[in-house]
Amino acid sequence: MSAAPTATSGDGPVPPPRTSVPGGDADSPTVDGTAAAPSVVERPAAGAGGDVAWPAGVPVAEPAEPIVADVEPGRVRWDPDERRARASQSFWTAVVGVPAIFSVLRLGVEAGGELQTTLLLVANVGPVNLLAGFLTTAARLLSTGLVAVFALGAVLAVSADRLPPGTRRRPLFARWADITPAWVVLASFLLALITWPLLYLPLLLPAFVAAFQLRPARLHERVVPRLLLIGALLAGYGWLMLPTMRDAMRQGDEWLVLALIVVPPLLAPFVAGPLPGMVIRPLASVTEVAVLATLIWAAVPVITTPVLPLTVTTVGPESGPTEDVRGHVVTTDDVNMVILQERGGVRYVPVGLVRAQVLCPSEEELPRHQLRIHDFHVEDSLLEGMGRRVRPVHRIDAACRTPA
């Protein structure tokens, strides 16, 4: 017979409740041999407001630890491991899917929108060609988007404290800038430094100052040394760009080049922020739309740039007249050379009729400015300029100058 205390009422003995916490204290006495009995908490005989009295000596089951509901109503709390798994899946989906989509679009555009020509290109253009063409054209677009987001986001982030009362969310670019490591920001600027044309590199100066919040006060705590440092930096920049500015002024029609060289370094000391509170929200909305529109506009060359080299193939019998076929060689076998003509259509040329073939630059590669910055053409990137020093550009063949 159990020795556990019981209480009696008009209906008979009342058994003590079992503990609600499994695995209780091992030293506690058991009730009915099933679970450890909870600690006895004495209740007052009667409540202050006339509540029903709790029977004396009857133990009360209490939880071992208080249960606190810390989840906000209506919000689902995700497991951190599940979040990382979802983020990893999204990242690799974007890494694989975006280049594939752009590559298919490029093949469709290059085929002139014709289904059969597109299928011909898909069957003969390898994935390495597609990936190489995508990286060479999209690296500039990617670095442009990252630099713009980080520069604008850093300025909006330091200005967020001045938002009007009642503003719930920080601007989107500010949140992106907050969660991005500094090395990613620096890597995006390095990518822009080697892929942007030299003509646009001065724009990186105010963008770098804004992204890393390099205010003039951080150069030196005293005003005079600070001004001397700023003057020395501008003097070094002027020495680097002075020959190019003289040539641009001598030519007379290079005002855009002069503006791109002179204006950005003068704006750099004043772009770090913070901004007035009344302009933060409108500026955030306008810049987000502007950056998106700019990236869409800049993505057009990525889709329209051909993935096959442009050639001019001389075709004709040995003792007869010849013809120049301008286009992109898709494939060559023992019988025919398949050429995607520049003005549309696919032409099968017998291999025995091919007399010569030259590689030609596209119209987008032809220079539009006659300016240089210390032996580097202003339309070349640092990567392209170093490549031209290793292997200088050859003279353009006369066949490339003749339209098809």
Side-chain angles (χ1 to χ4, degrees), residues 94-95 97-113 118 130-156 171-174 176-177 180 184-185 187-208 210-211 253-261 263-264 267 271 282-308 310 342 361-369 371 377-384:
V95 168
V98 172
I101 292 174
F102 269 86
S103 299
V104 173
L105 290 176
R106 292 179 69 171
L107 292 180
V109 171
E110 189 168 357
T118 303
L130 292 175
L131 181 61
F134 176 80
L135 292 179
T136 53
T137 54
R140 188 174 299 175
L141 173 65
L142 176 63
S143 61
T144 302
L146 292 177
V147 166
V149 168
F150 294 147
L152 295 170
V155 174
L156 294 173
L172 177 63
F173 288 173
W176 287 357
T180 304
V184 176
V185 182
S188 66
F189 277 89
L190 292 177
L191 182 62
L193 183 65
I194 62 175
T195 58
W196 283 18
L198 298 181
L199 179 61
Y200 301 105
L201 285 186
L203 295 174
L204 288 180
L205 295 176
F208 188 85
D253 57 348
E254 300 290 354
W255 297 109
L256 176 61
V257 177
L258 282 175
L260 290 174
I261 292 176
V263 175
L267 293 178
V271 298
L283 181 63
S285 302
V286 171
T287 52
E288 290 171 8
V289 175
V291 170
L292 178 61
T294 303
L295 292 180
I296 294 176
W297 172 75
V300 174
V302 178
I303 299 176
T304 57
T305 301
V307 296
L308 296 172
L310 178 63
E342 191 178 35
S362 61
E363 294 183 1
E364 292 78 11
E365 296 177 274
L366 299 177
R368 294 176 175 82
H369 302 279
L371 296 173
H377 195 270
V378 294
E379 296 177 72
D380 288 341
S381 64
L382 287 177
L383 198 61
E384 293 169 344

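The structure presented is a predicted model; accordingly, all values stated were derived computationally and were not measured.
Proximity of Pro264 to Leu203: side-chain heavy atoms (C-beta onward) are separated by under 4.5 Å at one or more points. In this structure, Asp380 and Leu198 have side chains that are not in contact, with every pair of non-hydrogen atoms separated by 4.5 Å or more.
Of the residues listed (Val147, Leu383, Leu382), the one engaging Leu193 in a side-chain contact (heavy atoms from CB on, under 4.5 Å) is Leu382, and it is the only one.
Annotation for Pro171 and Ala284: closest pair CB-CB, 3.8 Å, computed over non-hydrogen atoms. Here the closest non-hydrogen pair linking Thr118 and Leu107 is OG1-O, 4.2 Å. In terms of heavy-atom proximity, Ala192 sits nearest to Leu201 at O-CD2, 3.9 Å. Minimum heavy-atom separation, Val185 to Ala211: CG1-CB, 4.2 Å. Across all their heavy atoms, Ala177 and Gly153 have their closest contact at CB-C, 3.7 Å. Scanning all heavy atoms of the two residues, the minimum distance from Phe173 to Val291 falls at CE1-CG2, 4.0 Å.
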List the steps, then state whether side-chain contact (heavy atoms from CB on, under 4.5 Å) holds for Val271 with Val155. CA-CA 8 Å; Val271 298; Val155 174; 5.8 Å; no
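A distance of 8.5 Å separates CG in Leu146 from OG1 in Thr180, rounded to the nearest 0.5 Å. For the atom pair Leu199 CG and His369 NE2, the distance stands at 5.5 Å (nearest 0.5 Å). Rounded to the nearest 0.5 angstrom, Leu172 CG and Leu152 CG are separated by 11.5 Å.
Residue pairs meeting the side chain to side chain donor-acceptor pair (under 3.5 Å) criterion with at least one member in residues 191-206, sequence neighbours excluded: Ser143-Trp196, Thr144-Trp196.
Under the rule for a side chain to side chain donor-acceptor pair (under 3.5 Å), His377 has no partner lying at least two apart in sequence or in another chain.
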